[in-house]
Amino acid sequence: MSANTTATQVLFDAPGPRGRRRILLLSVLSVLLILALIGAGLWQFQRNGQLAADKWIPYLRRDYLAFLGKGLAGTLEATAVAAVIAFPFGLVLALGRISRLRALSTVAAVWIEFFRGIPMLLVVYAFLLALPAYGVTFPRFWMLVIPMILVSSATTAEVFRAGIGAVDRGQNEASAAVGLTHGQTMRYVILPQAVRLVLPSLILALVSLLKDSTLGYVVSFNELQFQGKTMVSITRFLVQTYLVVSVIYIVLNFLLTKLAGLLDVRMHRRAAEGSGRR
Amino acid sequence: MIRFDHVGKTYPDGTTAVEDFSLTVDSHASVVLVGTSGSGKTTLMRMVNRMVDPTSGRVLIDDEDVAAMDPVKLRRRIGYVMQASGLLPHRTVAENVATVPHLEGVSRRRSRSRALALLEMVGLDHKLGDRYPSQLSGGQQQRVGVARALAADPNILLMDEPFGAVDPIVRAELQKELLRLQSELGKTILFVTHDIDEAFLLGEKVVILKPGGVVAQEGTPSQILADPADDFVETFVGSGRGKRALHLEEVDGRQVVVDESGRPTGVLHAAPESRS
Ligand SMILES: Nc1ncnc2c1ncn2[C@@H]1O[C@H](COP(=O)(O)OP(=O)(O)OP(=O)(O)O)[C@@H](O)[C@H]1O
Ligand SMILES: [Mg+2]
């Protein structure tokens with residue numbers, strides 16, 4: 001988040017030439033270490049015959065791909081639906097949290113703290129085991145997605161709140177001076193700027209939603225990891241399946257993180273420009 | 001006409017910013033409040049558009065108590081220019097200027113063309129309308145701030161150290177521009193500054209404030225210069241230190257104006273330029 005980044009920049013000096021050399025050395029060493037580990041792993045797989053072509057070729061077969069593809073679709077759908085509901089809900093929670101109405105802000109605060117603190121697995125179990133005991137049941141998809149929404153909205157509420165707090169205070173005064181109401185100030189001035197500020201953090205929230213969706217296996221929802229698990233139980237290709245599944249996750253998250261980084265740079269430039277001459 | 005009637009302000013934390021202040025600003029007049037930092041200038045100015053409510057006394061606009069008016073409506077018919085221009089960084093310059101007309105329901109096209117006209121009026125190329133505030137210089141941003149304050153065509157203009165953050169050359173330019181605007185538009189202007197030169201240049205009437213919003217002296221610039229009420233005013237306007245006790249010396253055949261300590265402060269032209 002932008003506020004954090006600037007704080008980091010303030011707290012830590014930019015490394016000098018010696019510091020940079022040390023960082024370079026450490027980077028090279030860690031890359032070598034990682035390569036060595038991968039090499040060792042591959043060698044181990046090789047010795048156990050895990051690299052044998054017949055164990056990998058199936059992943060080029062259309063039915064295998066379709067099976068995993070279905071999982072991927074499930075993962076993306078769960079993530080997308082959760083995000084589309086959770087993010088606006090998070091914004092509403094944040095607005096409640098900073099509301100001048102004491103009762104509203106307390107309720108929002110308690111709600112946010114509760115779902116931020118509780119492991120998502122427990123929420124999933126609540127929907128899988130506890131609620132059905134009282135006769136409340138949901139389709140598998142929602143047994144996964146509702147907990148994702150509850151947890152993610154609580155986290156993004158805090159992201160939004162930080163963003164709203166990061167908007168220059170002078171903007172409030174300026175808005176009041178030209179005659180905007182409190183609500184108009186929020187709508188036209190504070191929120192547009194806050195959302196810009198937190199956009200990169202929201203993308204990172206998307207990454208964590210994507211990972212959260214792997215809890216779909218608990219409720220047997222056909223997301224990517226669950227499909228992988230099923231595939232393993234059929235083919236017994238444990239290593240290969242999970243490697244393929246991991247690569248898909250990593251590529252997805254890498255792309256999202258990359259996007260967040262790009263946005264961050266752009267927003268920073270904007271924000272810096274915006275407050276440049278005050 | 002704006003009338004401060006024995007107003008006082010004690011903030012919730014116990015700070016008394018203004019004790020007991022009275023002043024009348026005639027319609028179409030420009031009055032400058034000048035005083036050291038913390039003397040309550042901003043507090044007084046904000047009482048006019050109800051960004052601050054006085055804890056005692058009243059502020060009247062055309063004999064109507066502002067306390068009885070809706071703050072939002074009141075503010076929309078009063079222009080306010082802040083020290084930091086207070087522009088919205090995510091809106092273009094033209095959108096910034098058109099904020100209030102737009103909210104008042106003026107169509108986008110009409111409020112835009114009015115915004116561009118206002119930009120020209122404050123001396124900015126209308127091409128700047130599509131830029132973002134961050135793409136303007138500090139002086140240009142202040143001009144946009146003035147244009148925005150004029151957008152709703154208010155009768156009253158409140159200006160809180162609007163030129164405090166720009167360099168002396170740009171500042172002088174902006175001051176000249178404001179005098180020109182004032183002679184064209186004839187608004188009622190309440191202007192705040194801590195620069196006595198600016199006060200004397202812009203104010204038909206100048207009010208010198210001591211901490212607590214206490215009026216040290218009130219009058220036209222020449223009255224104050226000719227007859228400072230006390231040591232405080234004397235020090236403040238600089239006449240005590242001889243800064244304004246000037247005399248002429250001849251240098252290279254030109255008349256140079258020199259202050260008491262012998263520092264040259266200007267050149268005398270054959271025909272002295274008239275003010276405004
Ligand atoms: N919101 C507030 N809460 C508490 N005290 C305040 C508040 N605003 C101003 N004050 C105090 O009131 C006094 C007058 O402040 P004010 O801003 O009116 O001064 P000013 O003359 O405008 O000063 P400056 O030239 O620095 O802008 C100061 O002592 C200030 O600390
Ligand atoms: Mg002030």
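Chain identifiers are assigned alphabetically (A, B, ...) following the order of the sequence lines, protein sequences preceding nucleic acid strands; residue numbering begins at 1 within each chain. Hydrogens, waters and symmetry mates play no part in the numbers below; they use all other heavy atoms, side chains included.
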Q) Can you tell me if OH on B:Y11 sees more than 12 non-hydrogen neighbours from other groups inside 6.0 Å? A) yes
Q. Between A:A174 and B:G86, what is the shortest heavy-atom contact and its length?
A. CB-O, 3.2 Å
Q: For each of B:R91, B:R75, B:R77, tally heavy-atom pairs with chain A at distances under 4.5 Å, and name the one with the top tally.
A: B:R75
Q.
How about CD1 on B:I169, more than 12 heavy atoms from neighbouring residues, nucleotides or ligands closer than 6.0 Å, or not?
A. no
Q: Give, as side chain, backbone, both or neither, the part of B:V72 having an atom under 4.5 angstrom from any heavy atom of chain A.
A: both
Q: With a 4.5 angstrom heavy-atom cut-off, could you sort out which part of A:E173 is near chain B: side chain, backbone, both or neither?
A: both
(Q) Can a donor-acceptor pair be found, under 3.5 Å and without considering hydrogens, that links the side chain of A:Q171 to the backbone of B:L87? (A) yes
(Q) Is there a side-chain contact between B:T99 and A:Y188 in this structure, where contact means two heavy atoms from C-beta onward sitting under 4.5 Å apart? (A) no
Q. Does B:H90 reach the main-chain N or O of A:I190 with its side chain, forming a donor-acceptor pair under 3.5 Å?
A. no
(Q) Please classify the contact of B:R46 with chain A as side chain, backbone, both or neither, using a heavy-atom distance under 4.5 Å. (A) side chain
Q. Is it true that atom CG of A:N253 has more than 12 heavy atoms of other residues, nucleotides or ligands lying nearer than 6.0 Å?
A. yes
Q: Might you confirm whether atom CZ of B:R180 has over 12 heavy atoms from other residues, nucleotides or ligands at distances under 6.0 Å?
A: yes
(Q) Using a 6.0 Å cut-off, check whether atom CE of B:M121 has over 12 heavy atoms from anything other than its own residue. (A) no
Q: Could you tell me whether the side chain of A:V178 reaches within less than 4.5 Å of the side chain of B:R76, counting heavy atoms only?
A: no
